[in-house]
Structure formats: structure tokens, C-alpha cells
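Following: one structure in C-alpha cells, then a few remarks.
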Number of protein chains: 2
Amino acid sequence: MHTLSSITVAQHLTSRAALSRHADAFGIANVGTPMRYARNAEIYGDEEEAEYLYQVVSGAVRTHKILADGRRQIGDFYLPGDIFGLEFDDHHEFSAEAICNSTVMSIKRQVFRETAGHDARLSRELWSATKRQLKRAEKHALLLVLTAQERVAAFLLEMLERSGKTDSFELPMSRQDIADYLGMTIETVSRTVTAFETDGTIALPSARCIVIRKHQALRALDS
Amino acid sequence: MHTLSSITVAQHLTSRAALSRHADAFGIANVGTPMRYARNAEIYGDEEEAEYLYQVVSGAVRTHKILADGRRQIGDFYLPGDIFGLEFDDHHEFSAEAICNSTVMSIKRQVFRETAGHDARLSRELWSATKRQLKRAEKHALLLVLTAQERVAAFLLEMLERSGKTDSFELPMSRQDIADYLGMTIETVSRTVTAFETDGTIALPSARCIVIRKHQALRALDS
DNA sequence: CGACTTGTTGACACTGCTCAAGATACGTGG
DNA sequence: CCACGTATCTTGAGCAGTGTCAACAAGTCG
């Protein structure tokens, strides 16, 4: 698969630009290799050489880092269509794991490097993906200075939006994943979600299934 | 290029370390327009159209956002050599202000768009600058889940490194700026810094001048 | 059905915030 | 150069929100 010519890469990338939010990015996946990962399987490790770029096809992925005191911080969650593995230098800052059984497209960065050198559109696509990730990282940092209630509200609203649904959605990740993403404990996440259920803001048919009942109440907490 | 030669630019630099670290990026500044901003002057506003890209020549710049509850969150600090104003779309996510009297090179993004289309090297530079900013944003997010002590230690070490000095440096920003960057109150920043002084980890000839006495003590707190 | 993982709830401790006052540094005009 | 007013920084006391530790409940898989 990696023997695909760079011309093919360019064709895929240029023909699909700007169809939908992720349409252009799917061009990347189309020239990659589909890989399946089981729940909790490692896709790449912290400090490992960043040889590939990835795009989620199905399932969900999380990136994380273990801090000096042993705590785990989630860098981001990636859902179908999302690109991950972009790094400043040639080594990963975070480890990446499949949250549930997932399919991920991977493509060698080397192919991009060769192609992007003479393909302005491909360059722009990669730059654009990086800027999108930058915006997400900045938003993540903003989240971490809010109160527990505000963090959870913002998280639920974001997951709702990314799910493409309007009212209810399934969380692929555990409470522990959410806690490590929001920089709080699993107990506080649980208590906060329960409080939203108690006051009727959301309903919880099951722990992983969220039904938003009062969108306005959550939005009022979202900065 | 430009009425302002790179020699003039270099003369304005307060830190040679910043120059070498970002030497490649100075190609960008050399084709821009030098602008002077007074202390606390706004360089661009939140939600404003992102018409220019900027590089600090001398002084220091902060970006910030006002949250729903009125609190201010600092996005990042920029020192001589640093590029700022990169955005995912065409609107700024943060406002930018001069921390002290500063000189900033600005260049119209339109010029980049035209040039980058046929200049692979320039494309790479811009992409690289974005990836560098992404890495900084991710590191910032990690900071915000640490204890007050750890945040301040990490902040001081980072400012030391960026200053290009090995032991002592001047902080261009106020305690309030630091507090809003680290997601804590000015009182806690002050208390934490004082505690470091009390236990001999640092010395404080003045509030804005930091002397690192025990590098190891700070590094032990830095994840 | 039983073992294990994941999620919920409770009691208490502690970090960092709030509110308040005082100290120091800084800029400006006389 | 000094005096005053203002902005910045430090320090203190009490409190609120979140973490810690522990027990229990629910869900999941073999």
C-alpha cells in the first residue's frame, strides 16, 4: 500500500477538497492503510518516532500522557474523520490508544513530505489540519480553568455536536477518560453528571448514553 | 525587502537566544512592516478578522480571552522571535496586547497566501510555526492540571529557558498576567513565589526579577 | 452464575479562592 | 528632587469546591 505514487496521493487530495468539514481529510485516508485496533490497544507510544499520520475511520481514539506523579492526562479524543498524530518534530508528544474497537487509516509521513514539497494544495491541507488541532488544544486549555460544572457542561455539548445528533448520543469513553480529559477526578465527574440528571438538565438511560433535555441550561454554563 | 534590513531587526532583539532559535522564521519578519505598540496597547481584538501575521521584534506580547464570567485567560506569551496571530480560520480566537512597549513585525496574510502557493519553503515555515504553537498549547493545557506549586515552577523554568539566560531573568509581565496564564489567582501566584523565595529556591531582588538558586528543586516539580 | 470492571455515593481533608488590609514600586506634576 | 496618587504586589483569615479514601451498586464478560 505504501507503494502508492505521490501523484495518486495528490489526485486524491485535490479532488475532494471542501466537500464537508472532513471531506478533504478523507482523501488522506483513501491513500493510507486501514488498521484495526482492539479496545485499549496502543496505536503509538509516547516519545516514539512519528512515522505515520492517522485518521479515524470508525470507533474512537484517545491520546494521553502520564505525568510525573503518575496521573494520566488525556490530550484529546478523536472520532471518525478526525486526523491525529500531527507533531511538531518527529516524535510523538502523546501516546494514542483505541478507546473501543476501531479502524484507523495510517499513512507514512514520508509520503507527505515528498508530495507536499511540490503540491501546494496538499501543503495547505496539512497546515489546515494542524491549525484545526491548534484551535482544539487552545479550547481544551480554556476548559481546564473552569469549574467542574462548566467543564462537564462544555464537554457534553461538544460531544453532542461532534456526534452529529441533536439530543442524545453515546459516549465511547469511560468516566475515567472524561475525568483525565477534564483534569478532575472520576468521582467529581460522576457527581456532576448525576447532578445534571437530578435537576433534569440531562437524562441517563445508561451511564454511557446521554440525553440532553435542557440545551439552554448547559449552554448557559458554557463560556 | 524591504526597507528594514535584517541587521536592524537583529539590533532590536533583546535576546540572542531567541534569534538563533527562530532564525529561519526571521525571513518572515524581513518582508513585514515594523509596528510599535505602547504598554497595554491592543494589537488586534478577539473575533477581529485575522488580516496579519505577527512576529515580536522587541518587548513582549500576550494573547487573551475574556470568559463568560468576566475572568481573563491568557492564551500565551510571545517574546522576541516568536510568531503569533496564526488562526485556523480567518478570525482571531484571542485578543493580542503589548505587555510593555514593543516592536512587532506584521505582514499581510494575503502576501503569504500568494507567495506560499509557489514557495514550498515558506509553506513549510508556516506549517512549522503552527506545529510549534500547537505543541505550546498542548503543554499549556498540561500545566493547568498541576498544583499551584508545579504550575509556578514550570512557568519560571520556561521563562528562564526562553530568556536565554541560565540563572536570572526579568519578567515582562505582571503577577496578574501570570495568574491568568496559569489559571490561578494573583494571591496564590504571589504566595507561591514568596514560598520559593523563603525556602531558598529562588531570590527576588525585585518582584519582576527572578534569580534561580536551586534549579533542581524547580525541575523536581516540573513534570 | 460468579468475577471483574466500571460507575455511584458518602464523609472528611485540603488546596486554592475570596475578601480585606497593608506594603512597595512607579509615574507625574510641582 | 521630592510629594503625592495610583498601580502592583504581598500577607492574613476564613471558606468553598474539589480531591481523597472507602464502601457499595451496576454493568459486562467468560
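Letters go in sequence order (proteins before strands), and every chain restarts at 1.
Of the charged side-chain nitrogens involved, none lies within less than 4.0 Å of a carboxylate oxygen, so that Arg62(B) and Asp180(B) do not count as a salt-bridged pair. Ion pairing between a basic and an acidic side chain is recognised when a charged N comes within 4.0 Å of a carboxylate O; Asp90(B) and Arg109(B) show such pairing.
Here Thr194(B) lies in heavy-atom contact (under 4.0 Å) with sugar-phosphate atoms only. Within the nucleic acid shown, Ser174(A) comes within 4.0 Å of sugar-phosphate atoms alone, with no base atom in reach, counting heavy atoms only. Residue contacts shown for Thr147(B) are limited to sugar-phosphate atoms, with no base heavy atom under 4.0 Å away. Residue contacts shown for Arg208(B) are limited to sugar-phosphate atoms, with no base heavy atom under 4.0 Å away.
We find that CG of Asn40(B) is positioned 12 Å from P of dG27(C), with the value rounded to whole Å. Look at CG on Leu182(B): it is 11 Å from P on dC17(C), rounded to the nearest Å. Distance, Met184(A) CE to dG7(C) P: 14 Å, rounded to whole Å. Residue Asp180(A) contributes atom CG, which lies 12 Å from atom P of dG7(C) at whole-angstrom precision. In this structure, Ile186(B) atom CD1 and dC19(C) atom P are separated by 15 Å, rounded to whole Å.
One finds no side-chain N or O of Arg191(A) lying less than 4.0 angstrom from the OP1 or OP2 phosphate oxygen of dT9(C). For the OP1/OP2 pair of dT9(C) and a distance below 4.0 Å, the side-chain nitrogens and oxygens of Arg175(A) include no atom meeting the criterion.
The aromatic ring centroids of Tyr44(A) and Tyr54(A) lie less than 6.0 Å from each other.
Comparing Glu187(A) and Leu146(A) by the nucleotide of DNA chain D whose heavy atom lies nearest to each, the residue mapping closer to the 5' end is Leu146(A). Comparing Leu204(B) and Gln149(A) along DNA chain D, the residue whose closest nucleotide (by nearest heavy atom) sits nearer the 5' end is Leu204(B).
Ring geometry for Phe155(B) against Tyr181(B) counts as tilted: the plane angle lies between 30° and 60°, on a 0 to 90° scale.
Glu87(A) and His92(A) share a donor-acceptor pair across their side chains, judged by distance under 3.5 Å alone.
When atom types are taken as modelled, the side chain of Arg208(B) and the backbone of Glu170(B) share no donor-acceptor pair closer than 3.5 angstrom.
Of the listed nucleotides (dC17(C), dG7(C), dC19(C)), dC17(C) has the atom at the smallest distance from the side chain of Thr188(B).
Contacts between chain B and DNA chain D, taken as any atom within less than 4.0 angstrom of a protein heavy atom, begin and end at dT8(D) to dA13(D).
Heavy-atom contacts from other residues, nucleotides or ligands closer than 6.0 Å to CZ of Arg213(B) number 12 or fewer.
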